[in-house]
Amino acid sequence: MGDELASLKIQLERRKRLMEKINEIHSASSLNSILIELKDSIADLFDAERITIYLADVKKNLLFSRVKSGDEVKDIVVPINKNSIAGYCAQSRTVINIKNAYDEHELRMIHTDLKFDKSWDQKTGFRSKQILCVPMTFQNVLIGVIQILNKKSSEKFSEMDIQYAIEVASALSIAIFNLHRLAQATKISRQKHRYYYLLGRNIIDEATIEKASLHPDANKMGIDQVLIKDFGVPREEMAKSLSLYYGTEFILFDPNLPPLEDVLNRIKPDKLKSEKWVPVKVENGVLYVAMEDPADLEKQDFIKFLFPDFKKINFVASFREDIENYIDYFYKLGRYSEGGTELTEILSKLDKGEEPDVEQEVQKVSEQDSAIVQLVNKIIYDAYMKKASDIHIEPYPGKSDVIIRLRIDGRCQLYQKIPYKYKYAIVSRIKIMAGLDIAERRKPQDGKIDFKKYGPADIELRVATVPTVGQLEDVVLRILASGEPLPFDKLGLTERNARVFRECIGKPYGMILVVGPTGSGKTTTLHSAISLINKPETKIWTAEDPVEITQKGLRQVQINSKIGLTFAAVLRSFLRADPDVIMVGEMRDEETASIAIEASLTGHLVFSTLHTNSAPETVTRLLDMGMDPFSFSDALLCILAQRLARRLCPECKEIYTPDKRELAEIIEEYGTEYFRKTNINPADIKLFRPKGCKDCNNSGYKGRLGLHELLECTDEMKSLIKKKSDIEIIRKQAIADGMTTLKQDGILKALQGLTDIKEVRRVCIK
C-alpha cells in the first residue's frame, strides 16, 4: 500500500511538472525561446539526456532546428524521408519508440528502408541509444517533430513517456502555429500603419496601398518607391510618414557628406547593397547608420558587432535609392567612379586631334594617356556590371575598328567598336596593368590584373594575349568569380542528385569528381559541396589554378607551374600536412590522378575536376590514363557531370503548348521508355520560349542554370570498372542506378520553365 501511494505521488508530481511546462510553452514569446531555451527543461520531464524540437518546411520537404554551441547558434537541417528517424516520423506522422538506434534489425521492423543518420553523432561524439519521436501536427498540417534521446534510468521509453510526449507535441504545435500567425498579423498591421501620416492627410487611401503592393516592380523597387513614382506621392511627404512610423530621423542623399573611410573599409559595398544600409556620418562620437528598415533588430545586432568601438549607434531611416547613392558615392562606384564617365564621352576625347599614321600609332598614342586609362577601366567595369565572364578585344589589320565583345551567360555579344588608331594603345595599357612585356608582340603571354588598384571594383582578371595576323594581338580577359561560395541548395540539383551527392560528401574517405568543359561551373559546384563540410573539426586543403572562390576555414594554395608548384607537387605536400579533405583543382595528368586515388584510399576525402563530356566517359578516360581499375573502383564515390544553360528571363518568357511533332521529338530525345517512368502526362506538357524585354537586354535569357548527371559508384558499377567495361555498358548501369543524363535533366528543367529546349540541345549531346 505504501509503495502504491509513493508511486502515485511521483506520478502526480510528474503530471504537475508537465502542466507547468505546457503553460510555459503556451506563454513563449518567440520560436527561439522554444527551440533553444525551453527544450532542456522539457528533456528533464522524460529523464532524457537530450531533446531536439524540429520545425517543418513543407515546401522544401525539410525539418530544421537550432542548437546552441557555446555562444553560437547553429541550424540543423534534416530531409523529410526514410534516411533519418526524425525525417521518417515527419513523413509517416507516426510515433516511433526505438530501443537501440544502431540496431538495423529493429529499424527494419518499423520500415524496411528506415535508416539512422549517424552523422550528428560522428560530428559531436554524442552516442544515441533510445529514441522517442513524436510528430507535431495542428489542423492536419505538419508543424514539426519532437525527438527525445537516451532514457537515463531505463532501456526504453515507457507508455507513459509516449503519452506525455504526445501532450507536449500537441502544446508545441498550437504554440508554434499561434506564433507564426501573430508574426503574419504583425507584418500586415505594420504595413498599414507605415502610411498612417499619408492616409490621415488624404494623400493616399487603402486602395492605393493595395494597388502599389500588387505592382510588378513592388519587390524590386519597394512599395515606397512605387507610391512615389507611379502614384504621385511627394518624396518629402513619404519621408515624413516613414520618419513618424519608425520614430527616427530620416536622411536623404547628401553628396556633401565626406565618406567615413575607416568605417567603410570594414565591409564591402555589395554586402551593404544587398542588406540596404550604410554608415553615413559621425556626430559627437555617435555613428549614424541609414537603413531601409531601422527596426530590423537582427541587422542592428550585426552592425553593433561590426563597429564595437562606437558606444552609441543611431539607426535612422532612408530610401533604398538614397542608400544605394550613398554606397556608390562613398565607394566611388557607378556614376561616381573613375570609370563612371559615359563611354561616348571617353570616345569623343579619343577622337580629338589629328589622326596619326597607322604604322606609327604606337609611338603617337601613349598607353599612359588618361583617356585610354579611362577607356580600359570603363570596359572592365561595364563587363563586371553586366555579369560578363570574359572580355574579348579584337584588333584588325588596316583601318578596321577594334571590336570588343563580352561573353554574357555563355554567349558572345558585341559591346563596342573603338577607332582603329588605338588598337596598340589599348593592348599596351592592359599589358601594363597585367605586368606583361609590352615590347613582345610575337609570343602569347599570360598574366593577372588586380583591378582594385586601377578602378572602382574589387575584382581579379586573368589575361591572355594571342598574336594574330598583321603583327597584332588579341587580348582575352577572364573575370574571375571571386567571393562567397554558392549555397548548395542553389546549385539546381534534382532531389535524387542532391541526396546522393550529399551522402557522398558526408563520407569519411573516397573520391568525388565534378566534370565538364571549361566554364561549366565545376569550381562553383566544388566549393558549394565543400562548404557543407567546412567545419572547425575538419582540415581542408585545396590546390587551385587560379584561386577564384575563397572560404574562411579552407587552406588554399595557388598553383604556379613556372616554379614547379604543380598539382602533383602540391598534392604530395598535402599528404604530409595532416588533411581530412583535399580538393585538387584539376586532374591534368596520370601522376596527379594516381596520387589523388592513393590519397582517397588512405583515409582522405578527395574532390577534383576533369575535362570530360559525361560522367560515364570519365570512368573510361581515367582507365585509359593508366589508372588501376581495382584501386580506382574502390576509391570512387560519385561523378557529377554538368553544363550551364541560359535561364529564361522570368519577366518575359512565353508559355505555349507544343504540337504533336515537337512533343514526339522531345519524348524521343528523352528516351520513350525512360519518359514513361517519369509519370508525366504528355497532354499536360507546357513549354516556354524566350521573348525579350529591357530586363534581359532583349535576349530572352537572364542568368544560367546547371544541368547535371550524377553517376553513383554502386557495387554493380565497381564491378564494371574492375572489368574495364565499355562506356555504353557503364552508362546503362548508371541509368539503372538512378542517373538521369545531362539531356534528360535539361528536358525536365525545360518542362519546369527554367530554360527552353533549344538551349538544352545547344549544350547537351546525350
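Starting from 1, each residue takes its place in the sequence as its number.
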Side chain to side chain contact (heavy atoms under 4.5 Å, CB included) between F126 and N150, worked out: CA-CA 10 Å; F126 180 82; N150 295 3; 3.4 Å; yes
Chi angles and distances behind the side chain to side chain donor-acceptor pair (under 3.5 Å) call for Q733, D737: CA-CA 6 Å; Q733 182 58 51; D737 291 335; 3.0 Å; yes
Audit row: E13, R17, salt bridge (charged side-chain N to carboxylate O under 4.0 Å, His left out) steps and yes/no: CA-CA 6 Å; E13 182 62 32; R17 285 166 55 215; 5.7 Å; no
Check against side chain to side chain contact (heavy atoms under 4.5 Å, CB included), F64 and I76: CA-CA 5 Å; F64 68 94; I76 309 172; over 6 Å; no
Derivation and outcome, side chain to side chain contact (heavy atoms under 4.5 Å, CB included), residues I533 and I505: CA-CA 8 Å; I533 53 174; I505 293 162; 3.7 Å; yes
Step-by-step side chain to side chain contact (heavy atoms under 4.5 Å, CB included) determination, L605 to S600: CA-CA 6 Å; L605 186 62; S600 63; over 6 Å; no
CA sep, side-chain torsions, deciding dist, call: D580, T538, side chain to side chain donor-acceptor pair (under 3.5 Å): CA-CA 6 Å; D580 293 307; T538 306; 5.1 Å; no
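Nearest heavy atom pair, residue A615 against residue L711, reads CB-CB, 3.8 Å. Taking all atoms of both residues into account, the shortest heavy-atom contact from A599 to I582 is CB-CD1, 4.4 Å. Of all the heavy atoms in I131 and A101, the pair that sits closest is CD1-CB, 3.7 Å. Listed here is the closest heavy atom pair of L742 and A641: CD2-O, 3.6 Å. Shortest non-hydrogen contact noted between F46 and K151 is O-NZ, 3.2 Å. Closest heavy-atom contact between A48 and I148: CB-CG2, 3.4 Å.
Without hydrogens or angle criteria, T609 side chain to G585 main chain gives a donor-acceptor distance under 3.5 Å. Formation of a donor-acceptor pair under 3.5 Å by the S725 side chain with backbone atoms of I730 is not found in this model. A donor-acceptor distance shorter than 3.5 angstrom exists from the side chain of K299 to the backbone of E275, with no hydrogens or angles considered. In this structure a side-chain-to-backbone donor-acceptor pair under 3.5 Å is missing from H604 to V606. Checked by atom type and distance alone, the side chain of T137 never pairs as donor or acceptor with a backbone atom of N140 at under 3.5 Å. Under the 3.5 Å distance criterion, the side-chain polar atoms of N97 are matched with a main-chain donor or acceptor of F157. A donor-acceptor pair is defined here as one N or O able to donate and one able to accept, closer than 3.5 Å; such a pair exists between the side chain of S528 and the backbone of L486. Side chain of Q300 to backbone of L297: no donor-acceptor contact under 3.5 angstrom is found. Side-chain N or O atoms of S573 include one that pairs as donor or acceptor with a backbone N or O of V570 at under 3.5 Å. Counting only distance, with no hydrogens or angles, the side chain of K749 and the backbone of G492 share a donor-acceptor pair below 3.5 Å.
A parallel orientation is assigned to the rings of F488 and F501, their planes being inclined by less than 30° (bins at 30° and 60°).
From S520, atom OG reaches atom CG of L707 across 10.5 Å, with rounding to the nearest 0.5 Å. The structure places CG of L114 at 6.0 Å from CD1 of I96, a figure rounded to the nearest 0.5 Å. Interatomic distance, OG1 of T112 versus CG of L107, reported as 11.5 Å (0.5 Å rounding). Here Y509 contributes atom OH and L637 contributes atom CG; the two are 9.0 Å apart, rounded to the nearest 0.5 Å. Taking CE from M109 and CD1 from I98, the interatomic distance works out to 12.5 Å, rounded to the nearest 0.5 Å. Atom CG of L636 and atom SG of C713 lie 4.0 Å apart (nearest 0.5 Å).
Between W541 and V584 the shortest side-chain heavy-atom distance does not fall below 4.5 Å. I42 has its side chain within reach of V168: a pair of non-hydrogen atoms, C-beta onward, lies under 4.5 Å apart. Residues I639 and V619 are in side-chain contact: their nearest non-hydrogen atoms beyond the backbone lie under 4.5 Å apart. A heavy-atom distance below 4.5 Å is found between the side chains of M136 and I53. Between Q147 and I51, every side-chain heavy-atom pair lies at or beyond the 4.5 Å cut-off. Side-chain contact between L493 and T525 is absent, with no heavy atoms from C-beta onward closer than 4.5 Å. In this structure the side chain of L45 never reaches within 4.5 angstrom of the side chain of Y164, judged on heavy atoms. Between V95 and C133, every side-chain heavy-atom pair lies at or beyond the 4.5 Å cut-off.
Using a cut-off of 4.0 Å between Lys/Arg side-chain N and Asp/Glu carboxylate O, R14 and D161 are scored as salt-bridged. Electrostatic pairing of E503 and K507 does not count as a salt bridge here, judged by no charged N lying under 4.0 Å from a carboxylate O.
Applying the 6.0 Å contact sphere to NZ of K156 captures more than 12 heavy atoms from other residues, nucleotides or ligands. Few gaps surround NZ on K539; more than 12 heavy atoms of other groups in view lie less than 6.0 Å from it. Other residues, nucleotides and ligands place no more than 12 heavy atoms under 6.0 Å from the CZ atom of R555. Around the CD atom of E20, the shell of radius 6.0 Å holds more than 12 heavy atoms that belong to other residues, nucleotides or ligands.
Checked against V78 for a side-chain contact (heavy atoms from CB on, under 4.5 Å), the options S119, S65, S84 give a single hit: S84. When each of H527, K552, Q551 is paired with N534, the side chain to side chain donor-acceptor pair (under 3.5 Å) condition holds for Q551 and for no other.
S719 meets the side chain to side chain donor-acceptor pair (under 3.5 Å) test with no other residue; sequence neighbours excluded. In terms of the side chain to side chain donor-acceptor pair (under 3.5 Å) criterion, residue partners of R15 (sequence neighbours excluded) are, by chain and number, E167. Partners of K99 according to the side chain to side chain donor-acceptor pair (under 3.5 Å) rule, which considers only residues two or more places apart in sequence or in another chain, are E155.
Cation-pi geometry between K522 and F607 is not satisfied (NZ or CZ under 6.0 Å from the ring centre, within 45° of the ring normal).
Side-chain N/O atoms of E544 and T542 include a donor and acceptor closer than 3.5 Å.
Aromatic pair F116/Y102: centroids less than 6.0 angstrom apart.
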